[in-house]
Number of protein chains: 2
Amino acid sequence: MREGPDIARIASLVGDPARANMLNALMGGTALTASELALEAGVSLPTASSHLSKLVEGGLLTLASQGRHRYYGLAGPQVAGMIEAITGVAEAVGPKRVRPGPRDGAMRIARVCYDHLAGEQAVEMLDRLVEKNILVRDDKEIRLGPSAASHFAAIGIDVYTKPRRPVCRACLDWSVRRSHLAGTLGAAILDKILAEKWARREKDSRAVVFSPPGKQAFERVFLG
Amino acid sequence: MREGPDIARIASLVGDPARANMLNALMGGTALTASELALEAGVSLPTASSHLSKLVEGGLLTLASQGRHRYYGLAGPQVAGMIEAITGVAEAVGPKRVRPGPRDGAMRIARVCYDHLAGEQAVEMLDRLVEKNILVRDDKEIRLGPSAASHFAAIGIDVYTKPRRPVCRACLDWSVRRSHLAGTLGAAILDKILAEKWARREKDSRAVVFSPPGKQAFERVFLG
DNA sequence: ACAACGGTTCGACGCCGCTCGAACCATCGA
DNA sequence: TCGATGGTTCGAGCGGCGTCGAACCGTTGT
């Protein structure tokens, strides 16, 4: 019964599914609010609040209060490294799910990630937007390019409303292992896709399936 | 609610104190039996067996059956790395215990580590035994030197009995952060210390306190 | 001042899983 | 073949923690 740092305490914090989901969501590096994390984790707000208190108390998260918003973020790169190490083991050790990433084929192509689009199509879209200099990536951040406002205004998306959350955010796509676009812009694009009926959400699933003409329209607007 | 490898599953395996102790004990790299791990974890044998099944099932441990013994060991360096990452966070994040290592001052000096001596005195002893070429360290292993048999025979310790467990084993001392001597030889030395009444065990504690003449005798025999 | 909204606290419920004693199984030595 | 020893399985007990609804608190905007 050797002595040492309280490794069980830290591990058990990560060991709850809800908290693990929150930590995963925070691995992008941007701080999120309690409500957002509650959605990510799939639990009610009180439950999320309780979990977040424990994570802060345990030293895994930092809390930044801004007005009536409280942003939670990873406490530091050491914590992120730990999560990554655990993820590596989980991935290596749990080959029970044969293919990596989401089970369903449709979900690998396109799915909802909280409020924006994820999957192969989303990753490709971000690539093209950056390629066309509409968006600009430096390091891990995504910013609006010079032609962004006019480009998105042309398809009915105002990039300057709702300053509450960051407009652009990179979100790591698990199935593709590369980033796709999150933030209010990502959300607006998903809204557009659904509003135009280019695609519909699969029942009781996060999968998003495009109709053939919808896919063409999507590609013309965002990939063209 | 992003998808991904089951990080919570892995973390919760480490998140139980008994299992964390077992994993810690296995960080030395040598495989241990179920009974040894039960002692390390401070739980009964059935409980330990249940935990070990879960760890094997979870892919964190490997099981090697040899006759009626079953040796459990870490599944690989990736798992060890994960434990180390968690330990790092736990250490960085839990500075609630002001001084590193065991709380009690006496325990930092000398304590029982399962069946052998640990603490500052134990670390110093191993240093001197290696310095005098009685034991030989290469890399992380410890072997008997040429004069070991005669040296230990002179003080009534037969290094060749009980071939079941390794005679020498390095055991990382948490309070000093360096190795001390474990294995059957380490156990025999502790037996000798207690049999000669050079020291006594503190009640309900792992601390070992030497009497003044006992300490002199110990230093003469092992440090001289 | 008042309503709306984000977030936390409280209380109660329910379940998962840790724990150990006792019985059982397997291997080794005589 | 029989006992001794190392390990596992079974069953039952029980504590802890995750969960949510309802109430409460603080900030913002009108």
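Only heavy atoms go into these numbers, but all of them, side chains included; no hydrogens, no water, no symmetry mates. Chain identifiers are assigned alphabetically (A, B, ...) following the order of the sequence lines, protein sequences preceding nucleic acid strands; residue numbering begins at 1 within each chain.
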In B/S/- notation, 5' to 3', how is nucleotides 12-21 of chain D contacted by protein heavy atoms closer than 4.0 Å?
-> ------SSBB
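- As a whole-Å value, the separation of L37(A) CG from dT8(C) P is 10 Å.
- In terms of heavy-atom proximity, A85(A) sits nearest to M82(B) at CB-CA, 4.1 Å.
- The CG atom of L52(B) sits 11 Å away from the P atom of dT9(D) (whole-angstrom rounding).
- The side chain to side chain contact (heavy atoms under 4.5 Å, CB included) test with L26(A) singles out one residue from V79(A), L37(A), N21(A), and that residue is L37(A).
- Remark: P of dT8(C) and OH of Y71(A) are 13 Å apart, rounded to the nearest angstrom.
- Below 30°, between 30° and 60°, or above 60°: for F152(B) and F222(B) the angle between ring planes is between 30° and 60°, a tilted geometry.
- Phosphate proximity of dT8(D) to Y72(B): present, with a side-chain N or O under 4.0 Å from OP1 or OP2.
- Without hydrogens or angle criteria, K192(A) side chain to I157(A) main chain gives no donor-acceptor distance under 3.5 Å.
- Distance CG (L63(A)) to P (dG26(D)): 16 Å, rounded to an integer number of Å.
- Each side-chain hydrogen bond (donor to acceptor under 3.5 Å, both in side chains) pair with one or both residues in residues 42-52 of chain A, not counting sequence neighbours, appears once here: R19(A)-H51(A), S44(A)-T47(A).
- Residue R70(B) places at least one side-chain N or O closer than 4.0 Å to OP1 or OP2 of dT8(D).
- Between the side chain of E36(B) and the backbone N or O of T33(B), at least one donor-acceptor pair lies under 3.5 Å.
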